[in-house]
Amino acid sequence: MLTGADRPLLEAPAVEVAPTLLGAVLTHTTPDGTVAVRVTEVEAYHGDGTDPGSHAFRGRTARNGTMFGPAGLLYAYFTYGMHTCANITCLPEGNASAVLLRAGRIVVGEALATVRRGGVAPVRLARGPANLASALGISLSDDGADVLGGGAYSLELARARPESIATGPRVGVSGDGGSAAFPWRFWLPGEPTVSAYRAAVRRVRSG
DNA sequence: GAAATGATCGTCT
DNA sequence: GACGATCATTTCA
């Protein structure tokens with residue numbers, strides 16, 4: 001398990017940290033029990049003004065303040081009126097950079113995760129960023145939690161670097177298509193828990 | 001199997 | 001007031 005002494009491992013740009021997190025195990029312990037997920041898919045987000053898809057693109061706000069904190073924090077945000085997504089922050093304090101946890105495989109607490117997800121098939125428990133957050137029991141109140149601080153969350157990196165890593169454009173990032181062109185999405189090929197790729201599409205308003 | 005669509009609310013402009 | 005780092009369901013093939 002990583003501790004505060006390991007924080008420098010995460011004090012790198014998101015594109016460098018993202019592949020490192022593939023195969024890592026994130027654990028969350030609550031009064032209900034413990035759920036751990038092996039990360040199989042991630043996306044990098046930057047805050048240096050070069051990434052229009054990042055929450056931090058327009059500078060620091062009340063919501064994205066955690067992205068500007070030190071590396072190794074949990075950045076939880078609420079979106080689409082009903083979903084919570086989880087990131088791990090990168091770079092030292094003052095720099096906005098984070099890795100979105102898009103999908104994973106439940107390795108501990110599958111029963112509890114299944115209850116939280118409403119009884120879906122195991123492979124679907126943490127497929128998709130909002131599903132992953134739900135399975136782990138991550139809520140907005142967990143925003144800013146230190147994953148390396150020995151609290152409710154803990155992180156364990158993969159012992160060996162994965163044999164192969166696939167990269168591609170990010171999912172669900174709308175805009176002029178510019179940011180989606182960068183291969184800032186990383187996943188473990190062959191993992192059934194990796195979410196299906198869907199190109200960013202601007203929603204059509206009904207009525 | 002693939003594509004379209006509603007749900008639902010915090011956040012930014 | 002508009003839209004979003006999404007998901008489950010419905011609809012069509």
Side-chain angles (χ1 to χ4, degrees), chain A residues 13-15 17-19 21-22 26 37 39-69 73-91 95-104 106 113-144 167-187 192-207:
Chain A
V15 281
V17 175
L21 290 180
L22 285 179
L26 178 65
V37 63
V39 178
T40 57
E41 182 185 6
V42 296
E43 280 177 7
Y45 287 87
H46 302 270
D48 54 8
T50 63
D51 184 0
S54 170
H55 286 170
F57 180 59
R58 297 176 196 282
R60 185 172 191 152
T61 66
R63 170 171 66 155
N64 64 28
T66 298
M67 282 186 79
F68 290 80
L73 299 189
L74 185 75
Y75 169 44
Y77 67 90
F78 184 84
T79 190
Y80 285 92
M82 51 173 70
H83 295 301
T84 303
C85 300
N87 303 246
I88 301 294
T89 60
C90 307
L91 293 177
N95 301 276
S97 188
V99 175
L100 170 69
L101 306 180
R102 280 203 61 87
I106 303 295
T114 301
V115 170
R116 285 171 172 163
R117 293 278 294 111
V120 302
V123 76
R124 290 189 172 193
L125 287 173
R127 186 166 72 174
N131 289 336
L132 185 149
S134 174
L136 273 179
I138 295 173
S139 68
L140 278 184
S141 61
D142 293 312
D143 181 40
T167 67
R170 292 184 304 198
V171 178
V173 180
S174 59
D176 58 6
S179 67
F182 296 99
W184 285 343
R185 173 174 175 250
F186 305 84
W187 70 95
T193 53
V194 172
S195 59
Y197 173 73
R198 280 164 59 185
V201 177
R202 186 175 299 224
R203 289 197 310 149
V204 180
R205 284 194 289 143
S206 61

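Residue numbers start from 1 in every chain, and the chains themselves are labelled A, B, ... in the order their sequence lines are given, proteins ahead of strands.
When heavy atoms are screened at a 4.0 angstrom cut-off, A/N131 is found touching the sugar-phosphate backbone but no base atom. A/R117 comes within contact range of the sugar-phosphate backbone alone, with a heavy-atom separation under 4.0 Å but no base atom that close.
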Where do N or O atoms of nucleotides 10-13 of chain B meet protein N or O atoms at under 3.5 Å, pair by pair?
residue	atom	partner	partner atom	Å
B/dC12	OP1	A/T61	OG1	2.2

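A distance below 6.0 Å separates the ring centres of A/Y77 and A/H55.
Every residue meeting the side-chain hydrogen bond (donor to acceptor under 3.5 Å, both in side chains) condition with A/T66, not counting sequence neighbours, appears here in chain and number order: A/D143. The salt bridge (Lys or Arg N to Asp or Glu O under 4.0 Å) test applied to A/E43 returns A/R102, not counting sequence neighbours. Not counting sequence neighbours, A/F78 has no partner by the ring pair (Phe, Tyr, Trp, His ring centres under 6.0 Å) test. For A/H83, there are no side-chain hydrogen bond (donor to acceptor under 3.5 Å, both in side chains) partners, not counting sequence neighbours. The side-chain hydrogen bond (donor to acceptor under 3.5 Å, both in side chains) check on A/R116 picks up A/T30, with sequence neighbours excluded. Annotation: side-chain hydrogen bond (donor to acceptor under 3.5 Å, both in side chains) contacts of A/T61 (sequence neighbours excluded): A/N64.
Of all nucleotides listed (C/dA5, C/dT6, B/dA7), C/dT6 comes nearest to the side chain of A/H83. Of all nucleotides listed (C/dA5, B/dT8, C/dA8), C/dA5 comes nearest to the side chain of A/M67.
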Taking only Watson-Crick and G-U wobble pairs with both distances under 3.5 Å, what dot-bracket line describes DNA chain C, where [ ] shows pairs that cross earlier ones and | shows pairs with another strand? ||||.|||||||.
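C/dG4 atom P lies 14 Å from atom CZ of A/R170, rounded to whole Å. In this structure, OH of A/Y77 is placed 13 Å from P of C/dG4, rounded to the nearest angstrom.
For A/H55, a side-chain nitrogen or oxygen approaches OP1 or OP2 of C/dA5 to under 4.0 Å.
You can call A/Y45 stacked on the base of C/dA5; the centres are under 5.5 Å apart and the planes sit within 30°.
For A/Y80 and C/dA5, a side-chain-to-base donor-acceptor distance below 3.5 Å is absent, hydrogens and geometry of angles not being considered.
Within the structure, side-chain hydrogen bond (donor to acceptor under 3.5 Å, both in side chains) pairs that include any residue of residues 128-137 of chain A comprise A/R117-A/N131 (at least two apart or interchain).
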